[in-house]
Peer 1: 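Submitted below is the structure of interest, expressed as structure tokens.
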Amino acid sequence: MANIKSQIKRNRQNERRRARNKDVRTALKTDAKKARTTAEGGDVEAAASQVRAASRSLDKAASKGILHKRTVARRKSRLARSVARAGT
């Protein structure tokens with residue numbers, strides 16, 4: 001446990017950020033899973049709209065610094081490919 005006042009505050013801030021980032025990452029996984037399961041179910045149009053929503057969420061996460069921009073690009077690419085495969 002830190003004794004320095006500024007470090008105690010920094011620890012509190014880090015914990016809040018960690019919790020927020022975890023929530024966002026969990027939501028991103030849920031969005032991607034929804035798109036994949038919808039595509040596997042055969043509803044291509046709904047899956048496409050869910051991919052757009054998931055891509056938007058991923059882009060927001062990248063802009064906020066929660067995920068790296070290349071990680072976001074890779075995830076978007078994989079998601080789009082998986083939905084395209086399931087749609088054909």
Peer 1: What do the steps show when you test Arg16 against Gln13 for side chain to side chain donor-acceptor pair (under 3.5 Å), and what is the final call?
Peer 2: CA-CA 5 Å; Arg16 281 195 300 266; Gln13 290 173 334; 5.9 Å; no

Peer 1: For a side chain to side chain contact (heavy atoms under 4.5 Å, CB included) check, start with the C-alpha distance between Thr30 and Lys34, then their side-chain angles and the critical distance, and finish with the verdict.
Peer 2: CA-CA 6 Å; Thr30 304; Lys34 281 181 189 175; 3.9 Å; yes

Peer 1: Can you tell me how far apart NZ (Lys33) and CD (Gln50) are? Round to the nearest 0.5 Å.
Peer 2: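 Here the rounded value is 13.0 Å.
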
Peer 1: Indicate yes or no for a side-chain donor-acceptor contact from Ser77 to the backbone of Ala73 under 3.5 Å, with no hydrogens or angles considered.
Peer 2: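 Not at all, since once roles are kept as given, no pair shorter than 3.5 Å links the two residues.
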
Peer 1: Would you check if there is a donor-acceptor pair between the side chains of Asn11 and Gln7 at a distance under 3.5 Å?
Peer 2: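 Gln7 vs Asn11: donor-acceptor pair found between side chains.
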
Peer 1: Side-chain contact test, heavy atoms from C-beta onward, threshold under 4.5 Å: evaluate it for Thr71 versus Arg75 and give yes or no.
Peer 2: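 Yes, at least one pair of side-chain atoms sits under 4.5 Å.
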
Peer 1: Under the side-chain hydrogen bond (donor to acceptor under 3.5 Å, both in side chains) rule, collect the residues that match up with Ser82, sequence neighbours excluded.
Peer 2: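 For Ser82, no residue satisfies side-chain hydrogen bond (donor to acceptor under 3.5 Å, both in side chains) once neighbours in sequence are set aside.
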
Peer 1: Any Lys/Arg nitrogen of Lys76 or Asp59 sitting under 4.0 Å from an Asp/Glu carboxylate oxygen of the other?
Peer 2: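 Judged by the 4.0 Å cut-off on N to carboxylate O distance, Lys76 and Asp59 do form a salt bridge.
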
Peer 1: Output all residues satisfying side-chain contact (heavy atoms from CB on, under 4.5 Å) with Ala61, sequence neighbours left out; order by chain, then residue number.
Peer 2: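 Ala61 satisfies side-chain contact (heavy atoms from CB on, under 4.5 Å) with Val24, Leu28, Ile66, Leu67 only.
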
Peer 1: Once side-chain contact (heavy atoms from CB on, under 4.5 Å) is applied, do any residues pair with Arg85, and if so which ones, sequence neighbours excluded?
Peer 2: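 Testing Arg85 for side-chain contact (heavy atoms from CB on, under 4.5 Å), a comparison that skips the adjacent residues, returns Arg81.
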
Peer 1: For Ala35 and Ala47, work out which heavy atoms get closest and say how close.
Peer 2: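 Taking Ala35 first and Ala47 second, the nearest heavy atoms are O-CB, 3.9 Å.
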
Peer 1: What's the shortest heavy-atom distance between Asp31 and Ala54, and which atoms?
Peer 2: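 Where Asp31 meets Ala54 most closely, the heavy atoms are CB-CB, 4.0 Å.
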
Peer 1: Closer than 4.0 angstrom, basic N to acidic O: yes or no for Arg12 and Glu15?
Peer 2: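 No salt bridge links Arg12 with Glu15.
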
